[in-house]
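The next block holds one structure in the form of structure tokens; read it before the comments.
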Amino acid sequence: MNLGQFSGVNAGYVLELYDKYRHNPESVDPATRQAFAAWTPTDTLAAGTAAPPTAGAALHAIVGAANLAESIRRYGHLAAHIDPLGSTPPGDPSLSPRAHGITDDDLRSLPASLVGGPASESSANAFEAIEKLRRVYCSTTGFDYAHVFVPEEREWLRHAAESGRFLPPLDRNSVRALLDRITQVEVFERFLHRTFPGKTRFSVEGLDMLVPILDEIICGAADRGVRQSIIGMAHRGRLNVLAHVLQKPYNQILAEFKDPVGAARRINSGWMGDVKYHAGARTARPRGQMHIAMPPNPSHLEAVNPVVVGMARAAGTVSDGPGAPRFDGARTLPILIHGDAAFPGQGIVAETLNLSRLRGYDTDGTIHIIANNQVGFTASPSESYSTSYASGLARGFKIPIVHVNADDPVACVEAARLAWEYRARFRRDFLIDLVGYRRHGHNEGDEPAFTQPLMYKKVAAHATVRQLFGASLVKQGTISQDELDEIEKKRWSVLEKTFESLKPEEDFVAPVPEPVPAGIAGQTATAVPLDTLIAINASLQADPEGFAFSKKLERNRERRKTAFANPDERTIDWALAEELALATVLADGIPIRLTGEDVQRGTFSHRHAVYHDSASGKVFVPLQDFAQARAPFEIYNSPLSENGAIGFEFGYNIQEPGRLVLWEAQYGDFVNGAQVMLDQFVTSGRAKWGLQPSLVFLLPHAYEGQGPEHSSARPERILQAAANINLRLVNCTTAAQYFHLLRRQALLLQRDPLPLFVLTPKSLLRHAAVASTPRELEQGRFQSVIDDVDAQARAKSVKRVILCSGKVYVDLISSERRAEAAEIAICRVEQLYPFPNVALRDLLASYSAAREVVWLQEEPENMGAWEFFRPLLEELLNGRCPLRYIGRPRSASPSEGSAAWHQLNQKTLIERAFDLRGEVDTPRPVVKEVRSLTGSKR
Ligand SMILES: Cc1ncc(C[n+]2csc(CCOP(=O)(O)OP(=O)(O)O)c2C)c(N)n1
């Protein structure tokens, strides 16, 4: 017999065993010894060289048996009966002895030890051991872990599956408690179905075991000292989980179904509320030792994933002193519940999984559950994913997967216990693919048989998991039929009593944010005494002992070191203003987290918040290592993600609102890759759910001739979402303004938190016109509008007031035509939202002789702030003088694709700004001229 004909890892296993036997026959068990004794391999086998060995039939059978065992471990899940509706599993040829050239009789003649593992221990021969393996791997659980690369983990998973050590106890009390829980879950849905017929609730029925699975994970985690669990989930089963896992009182849920009109009267501060199956909750008291939270969820499936892991990261980040904060994953457990169509379909899932092992994002493992009802709205699995299972994506991330039949409560509980133990031991993600069905249509008013007639014939005839489990317990004699009925009756009566005493108006509870006293933001004192700044800067810029800075950074470092030599000299550039702002915030005891693509150095090589020793590669982070710091600073280069990365930071921010959390875009326009996060969470989270985010977005951009991307950070998108004071949008033009702005944001975290969008510059980062003096940090505060000081001195002769924002201001004041434009005032609107009504009103009033006000912007007319500002400015002017627009024409693209074309347009823009000839009555928008100049007129 030629050993070379055996494929698979078990040829190696047999040879290893044989080698052991050769050196010491006593080292293998007697049956194996006997098999090897009948086999006479050539010397070449042992040496592993030249001619293939020959052996008798025994060798063939031995290798076949070992390969069969391995195939069952790897592919047994393909034959597992994981579908409660009874579809035939695909199976795999390698699961049959024939595929390995052996028969059951061969197996009977071989020792059980060839199969290995716990299955072999109590078996008389290999056949028995293989049958035991089949019961483990091909039953109602499909253990799918062969893709796990770490041998220690794989071995642990193998042993866990085969030993059955995570099977739950099956004594009377335990199974009765499980039955009671399943009954509670089912009765809740049936009660709602009967009481509110046709009302959407996205019932869990068909996946009822979701709740006991969560129980098991949470109890396991609580026993091991985890104090907080954060659950993310979509609509399916949410009400049930809220009621039973988060202990949201029945009366609150029932009141939401009643949708009382009176509750609407309480709506204020822009609060609009959301549908009940998007609501979040937090357990008021710990459940056992554990606090459980579920953030609110938008309709956008899976979007909540990075938010939950960000929350978990924040909850586990210990920020009790300066330096780098410590992360303790043992404190918090994130759990994500996915849909079987949404998990493979939504890219945010991959983005979130990709965060799971990254420094700065790792949460020590998330437990994922796919609530797999084998249908997505009306789509069947073959229309939803190209992988074999809905969970396929997780394989690439080497996440162990257990597919489990939702009609087998014992198997489900085992899967949950295994998930928790794996997570606790290896601190990595785990996935349970809970395979069930959907009892009703997508929602309860939907007819599923239109599209899945065969499936729904089966569903209609299919008993519930409570009925099946209850019947099996009665049959086994564990409980009586009367007890079964009694449990159900008790659960109905709780709901009925609650409903009878319901007072919908009072029971309806909505989170309404506290109104903030007017003027807080504008009055926030952000100046820092010069002495303090000098001391902090000296600490920040001190060279650590023996650290070799890059030679190319010498000038930069020298500039920062000497920045305070003359307090009235413009020595503070953008990066230093930022470093000082963050340092002073840390000195005030407020922790900071800054992330984004390449933020440590800064996309434009300006920040250098993390230095790398040229010789050793060691890093030095001044903001983690300066004497005055009282709070930790963390800074991470994010992965190349916007949607996932922003979702994560949003979660971090709402979990720990006392920390200043900043995210920087590589270029501002890329923020649109996270439009879902902006729309669904950041800008509307307050109106829908009463959340109070304060996340900071730094959005570098500039019209510099580099094409349609990176020119605009698309302020129009942010302004479109601006209402009810839900955010701040700023485009500031000096380093001092940026300094005061960041400090203001930190100081308002507790008192007036709002998301802050900062349109930050690119080439202006080092521009002399943007640099500020140390004195400007020592004095003043953030100004939402900056007047033209020179023009103000001759206000009576000013004919045109130009209002502009951001970099274009520098283009205007750097123009040679500026000197001769005495009749023109160039004023900056530094804060675009909240609209600086009072400041602008006063400013415009001060130019009483003005014959026109111009809004000037670089963006096309349909972009930028113009369309938002126009009605507001018209209201302020109240017909006193005309309001004109100078800017690029309406355009589908934010800017020109050629530098030459850009320069031409920019030049025309500036010329128009200083050209008073065509004023007032004959407005000539730049649009026409630009088109003809570039020859693109149609
Ligand atoms: C991003 C997104 N796209 C589309 C929808 C509309 N939608 C709501 S539920 C649903 C089906 C989801 O199927 P699945 O993930 O299997 O969850 P199930 O509803 O079956 O529990 C769809 C397409 C949505 N909510 N979110």
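Small disclaimer: the values here were computed from a predicted structure and weren't measured. Ligands are counted one by one from 1 in listed order, and the atoms in each one are counted from 1 as well.
- Counting protein heavy atoms only, atom 17 (O) of ligand 1 is closest to Gly339 CA, 3.8 Å.
- Rounded to the nearest 0.5 Å, atoms CD1 (Ile369) and CG (Leu434) are 7.5 Å apart.
- Counting the atoms of ligand 1 from 1 in the order shown, those under 4.0 Å from a heavy atom of Ala342 are 15 (O).
- A salt bridge is defined here as a Lys NZ or Arg NE, NH1 or NH2 lying under 4.0 Å from an Asp or Glu carboxylate O, and Glu205 with Arg236 fails to meet this definition.
- The CG atom of Leu192 sits 10.5 Å away from the NZ atom of Lys199 when rounded to the nearest 0.5 Å.
- Nearest protein heavy-atom neighbour of atom 16 (O) of ligand 1: Asp340 OD1, 2.7 Å.
- Pairing each heavy atom of Ser893 with each of Met863, the nearest pair is C-CE, 4.0 Å.
- Each of Asp407, Asn405, Asp408 was checked for a side-chain hydrogen bond (donor to acceptor under 3.5 Å, both in side chains) with Thr140, and the lone residue meeting it is Asp408.
- The aromatic rings of Phe196 and Phe257 sit parallel, their planes meeting at an angle under 30°, below the 60° perpendicular limit.
- At least one heavy atom of His300 sits less than 4.0 Å from an atom of ligand 1.
- With respect to atom 11 (C) of ligand 1, the closest heavy atom belonging to the protein is Phe377 N, 3.4 Å.
- Checked against a 3.5 angstrom limit, the closest N/O atoms of Ala371 and ligand 1 fall outside it.
- In this structure, Arg714 pairs ionically with Glu716, as a charged nitrogen and a carboxylate oxygen lie closer than 4.0 Å.
- Distances below 4.0 Å separate heavy atoms of Gln346 from the following atoms of ligand 1: 1 (C).
- Residue contacts with ligand 1, taken as heavy atom pairs separated by less than 4.0 Å, do not involve Asn372 at all.
- Of the protein's heavy atoms, none falls inside 4.0 Å of atom 4 (C) of ligand 1.
- The list of side chain to side chain donor-acceptor pair (under 3.5 Å) pairs with a residue in residues 667-676, not counting sequence neighbours, reads Asp669-His710, Gln675-Asp679.
- At a threshold of 4.0 Å, the pair Asp215-Arg181 counts as salt-bridged, since one of the basic side-chain nitrogens sits closer than that to a carboxylate oxygen.
- Within the structure, the closest approach of His235 to ligand 1 falls below 4.0 Å when heavy atoms are considered.
- With salt bridges taken as basic N to acidic carboxylate O contacts below 4.0 Å, one links Arg190 and Glu488.
- For atom 9 (S) of ligand 1, the closest non-hydrogen atom on the protein side is His442 CE1, 3.0 Å.
- Residue Ser299 has at least one N or O atom closer than 3.5 Å to an N or O atom of ligand 1.
- Per-residue contacts place Arg236 under 4.0 angstrom from the following atoms of ligand 1 (heavy atoms of the residue considered): 18 (P), 19 (O), 21 (O).
- The protein atom (non-hydrogen) at minimum distance from atom 2 (C) of ligand 1 is Leu301 N, 3.8 Å.
- Using a 4.0 Å threshold on non-hydrogen atoms, atom 24 (C) of ligand 1 counts as touching the protein.
- In this structure, His77 and Tyr389 have tilted ring planes: the angle between them lies in the 30° to 60° band.
- Looking from atom 13 (O) of ligand 1 to the surrounding protein, the closest heavy atom is Gly376 CA, 3.2 Å.
- Residue-ligand proximity, Ala341 to ligand 1, at heavy-atom distances under 4.0 Å covers atoms 13 (O), 14 (P), 15 (O), 16 (O).
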